[in-house]
Amino acid sequence: MYGPVVNGKAWYLDSDEYICPQNVIAALKEADGEDILVRINTNGGDVFAGISIYNILKDYKGKVTVKVDGMAASAGSVIAMAGDKVLMGAGAMLMIHNAWTFAAGNADELRKVADDLDKISDSISNIYMTRFSGTIEELKALLNAESYLTAEESIALGLADEEIEEEPAEPTEPKEPEEDPEEIKNSIIGKYIAMRKESDKTQNKGSFYMNKFR
């Protein structure tokens with residue numbers, strides 16, 4: 001699954017350049033219940049297309065292993081949660097955030113848009129919580145911070161299971177004793193909350209995503 005996540009077939013792209021529910025259904029029909037490996041590299045796209053693909057994969061009869069080759073961002077990270085096992089390639093990342101959109105209208109209309117976005121964010125939170133090792137409050141803190149999670153962080157938070165690393169050319173030094181998983185999780189969440197607060201101090205307008213890359 002490479003390219004943007006869209007809600008229908010894109011006439012302006014080749015079929016292997018985008019991700020849509022219809023293409024996933026067709027691919028799973030060919031797989032015919034065999035165990036599958038789903039490789040992901042996407043910046044995301046349509047949230048409901050992502051939710052649809054998540055449910056399509058969850059309903060598949062065979063074992064679904066997801067491997068994030070580069071980035072599974074936004075709707076792409078929702079899709080990744082469908083894996084019975086989620087693998088992270090070397091240098092791969094997940095990006096999770098609250099639902100967002102463009103909107104125009106009067107005050108009442110914009111308030112409704114905000115309410116709808118809250119509902120959508122709750123829906124995707126429920127999907128992340130099927131794997132997340134913390135509380136819903138901790139997850140929401142990461143979503144608010146629009147978090148780019150490394151493989152190590154994703155595994156510590158329960159959103160991934162394993163990082164695929166190349167074998168070292170030479171023997172390495174013995175690893176240090178592992179830290180307490182709860183301490184690791186709290187450290188990660190605290191880091192992203194602090195990043196968000198720092199961004200809010202230095203930028204008075206614009207999303208965290210735009211602040212980060214401006």
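Numbering of residues begins at 1 and proceeds along the displayed sequence.
- Side-chain atoms of Asp122 and Lys140, non-hydrogen and from C-beta on, do get closer than 4.5 Å to each other.
- Smallest separation of non-hydrogen atoms from Val68 and Ala92: O-CB, 3.2 Å.
- Residues Val78 and Ile136 share a hydrophobic cluster, clusters being chains of Ile/Leu/Val/Met/Phe/Trp/Tyr side chains in contact below 4.5 Å.
- In this structure, Ser77 contributes its side chain and Met95 its backbone to a donor-acceptor pair below 3.5 Å.
- Annotation for Gly3 and Ile19: closest pair O-CD1, 3.4 Å, computed over non-hydrogen atoms.
- Using a 4.5 Å cut-off on side-chain heavy atoms (C-beta onward), Thr130 and Asn126 make no contact.
- A distance-only check finds a donor-acceptor pair linking the side chain of Thr42 to the backbone of Gly44 [under 3.5 Å].
- Follow the hydrophobic side-chain contacts under 4.5 Å out from Tyr148 and you never reach Ile155; the two are in separate clusters.
- Proximity of Met88 to Leu94: side-chain heavy atoms (C-beta onward) are separated by under 4.5 Å at one or more points.
- Here the closest non-hydrogen pair linking Ala72 and Ile40 is CB-CG2, 3.9 Å.
- Here the closest heavy-atom approach between residue Ala103 and residue Leu110 is recorded as CB-CD2, 3.8 Å.
- Leu149 and Leu139 fall within a single hydrophobic cluster, where Ile, Leu, Val, Met, Phe, Trp and Tyr are joined by side-chain heavy atoms under 4.5 Å apart, directly or via other members.
- Taking all atoms of both residues into account, the shortest heavy-atom contact from Asp84 to Arg131 is O-NH1, 4.3 Å.
- Connection of Leu37 to Val64 is not established within any shared hydrophobic cluster, with ILVMFWY side chains joined at heavy-atom distances below 4.5 Å, either directly or through further cluster members.
- By the 4.5 Å heavy-atom criterion applied to side chains, Val6 and Asp46 are not counted as neighbours.
- Met71 and Tyr2 are members of different hydrophobic clusters when ILVMFWY side chains are connected at heavy-atom separations under 4.5 Å.
- The heavy-atom pair separating Tyr60 from Glu34 by the smallest distance is OH-O, 2.6 Å.
- For the pair Ser121 (side chain) and Ala99 (backbone), a donor-acceptor distance under 3.5 Å is present.
- Applying the 6.0 Å contact sphere to CD of Glu152 captures no more than 12 heavy atoms from other residues, nucleotides or ligands.
- Taking the charged nitrogens against the carboxylate oxygens, Arg111 and Asp115 have no contact shorter than 4.0 Å, which rules out a salt bridge.
- A donor-acceptor contact shorter than 3.5 Å links the side chain of Asp35 to the backbone of Lys63.
- The side-chain heavy atoms of Tyr18 and Lys9, taken from C-beta on, include a pair separated by under 4.5 Å.
- Formation of a donor-acceptor pair under 3.5 Å by the Ser154 side chain with backbone atoms of Ala160 is not found in this model.
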Please list every donor-acceptor pair under 3.5 Å in which a side-chain atom of residues 47-59 meets a protein atom from a residue at least two apart or in another chain.
unit_1	atom_1	unit_2	atom_2	d
Asn55	ND2	Ile51	O	3.1

